[in-house]
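Only one structure is covered here, and it is reproduced in the block below.
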Amino acid sequence: MVIDPLREEQVDELLRALADATRRDILRRCALDSPSVSQLAEAYSMSFPAVHKHVAVMQRVGLITKERRGREQLVRTDVEMVRRVRHALDDLESAWRGRVERMSDLLT
């Protein structure tokens with residue numbers, strides 16, 4: 001499977017969104033189920049607007065999608081975007097490992 005590489009600005013935005021523990025937890029919950037924003041808010045000791053803001057940040061960068069069902073908005077993790085983030089991190093790890101190997105070769 002070919003994964004389109006993310007632009008540097010996209011990687012920056014995605015990593016900023018994932019830097020928050022609550023957002024990472026919301027992302028995990030939405031990968032397992034499709035809760036409504038209201039159901040998500042019940043799981044945290046913060047206001048509904050605060051949870052809604054976290055959801056909006058992740059939706060803006062493409063990590064989650066919302067689907068309206070009646071009066072509820074169901075939240076889902078966008079698995080393809082998570083794959084793209086993982087691919088970007090794999091590229092960083094590969095570059096880092098190559099650098100370490102070159103340093104090791106120089107020291108040997």
Side-chain angles (χ1 to χ4, degrees):
M1 168 177 29
V2 176
I3 298 176
D4 290 333
L6 296 168
R7 295 184 330 272
E8 288 298 316
E9 303 83 35
Q10 287 176 298
V11 174
D12 291 346
E13 290 174 0
L14 288 160
L15 294 179
R16 271 193 291 276
L18 291 170
D20 185 278
T22 300
R23 291 187 198 130
R24 290 190 306 272
D25 188 61
I26 289 171
L27 191 65
R28 278 190 288 274
R29 288 174 188 268
C30 295
L32 299 173
D33 196 9
S34 295
S36 67
V37 178
S38 298
Q39 288 170 326
L40 283 172
E42 291 172 5
Y44 300 100
S45 60
M46 63 180 75
S47 68
F48 174 86
V51 172
H52 193 269
K53 263 187 170 175
H54 284 298
V55 169
V57 167
M58 291 191 298
Q59 184 181 16
R60 191 170 35 254
V61 299
L63 287 168
I64 60 171
T65 59
K66 288 195 300 191
E67 174 188 336
R68 184 165 289 287
R69 277 244 179 101
R71 296 183 62 193
E72 294 184 315
Q73 290 185 340
L74 303 182
V75 185
R76 292 190 181 124
T77 296
D78 184 329
V79 177
E80 183 56 33
M81 184 55 82
V82 172
R83 280 191 189 110
R84 293 177 74 194
V85 172
R86 193 189 86 227
H87 184 72
L89 291 173
D90 288 346
D91 286 348
L92 287 172
E93 180 185 14
S94 178
W96 177 79
R97 287 186 183 278
R99 189 173 197 178
V100 168
E101 287 171 9
R102 286 191 301 277
M103 287 174 32
S104 177
D105 290 345
L106 285 172
L107 293 173
T108 305

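We use all heavy atoms of the structure for the numbers below, so side chains are in, but hydrogens, waters and symmetry mates are not.
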Identify every side-chain donor-acceptor pair in residues 57-69 under 3.5 Å, counting partners at least two apart or on other chains, and give the distances.
unit_1: Lys66; atom_1: NZ; unit_2: Gln73; atom_2: OE1; d: 3.1
unit_1: Glu67; atom_1: OE1; unit_2: Arg76; atom_2: NH1; d: 2.5
unit_1: Glu67; atom_1: OE1; unit_2: Arg76; atom_2: NH2; d: 3.3
unit_1: Glu67; atom_1: OE2; unit_2: Arg69; atom_2: NE; d: 3.4
unit_1: Glu67; atom_1: OE2; unit_2: Arg69; atom_2: NH2; d: 3.3

Under a 4.0 Å threshold between the charged nitrogen and the carboxylate oxygen, would Arg86 count as salt-bridged to Asp90?
yes
Salt bridge between Glu13 and Arg16, side-chain N to carboxylate O under 4.0 Å?
no
CZ-CG distance between Arg84 and Asp78, expressed to the nearest 0.5 angstrom:
9.0 Å
Transitive ILVMFWY side-chain link Val79 to Leu32, under 4.5 Å:
no
ILVMFWY cluster, Val82 and Val11 together (side-chain gap under 4.5 Å):
yes
Could you list the donor-acceptor pairs under 3.5 angstrom formed between side-chain atoms of residues 17-24 and any protein atom two or more places apart in sequence or on another chain?
unit_1: Asp20; atom_1: OD1; unit_2: Thr22; atom_2: N; d: 2.8
unit_1: Asp20; atom_1: OD1; unit_2: Arg23; atom_2: N; d: 3.1
unit_1: Arg23; atom_1: NE; unit_2: His54; atom_2: ND1; d: 3.1
unit_1: Arg24; atom_1: NH1; unit_2: Leu18; atom_2: O; d: 2.7
unit_1: Arg24; atom_1: NH1; unit_2: Ala19; atom_2: O; d: 3.1

What side-chain donor-acceptor pairs closer than 3.5 Å can you find for residues 37-48, not counting sequence neighbours?
unit_1: Gln39; atom_1: OE1; unit_2: Ser36; atom_2: N; d: 2.8
unit_1: Tyr44; atom_1: OH; unit_2: Asp25; atom_2: OD2; d: 2.5
unit_1: Tyr44; atom_1: OH; unit_2: Ile26; atom_2: N; d: 3.4
unit_1: Tyr44; atom_1: OH; unit_2: Arg29; atom_2: NE; d: 3.0
unit_1: Ser47; atom_1: OG; unit_2: Ala50; atom_2: N; d: 3.2

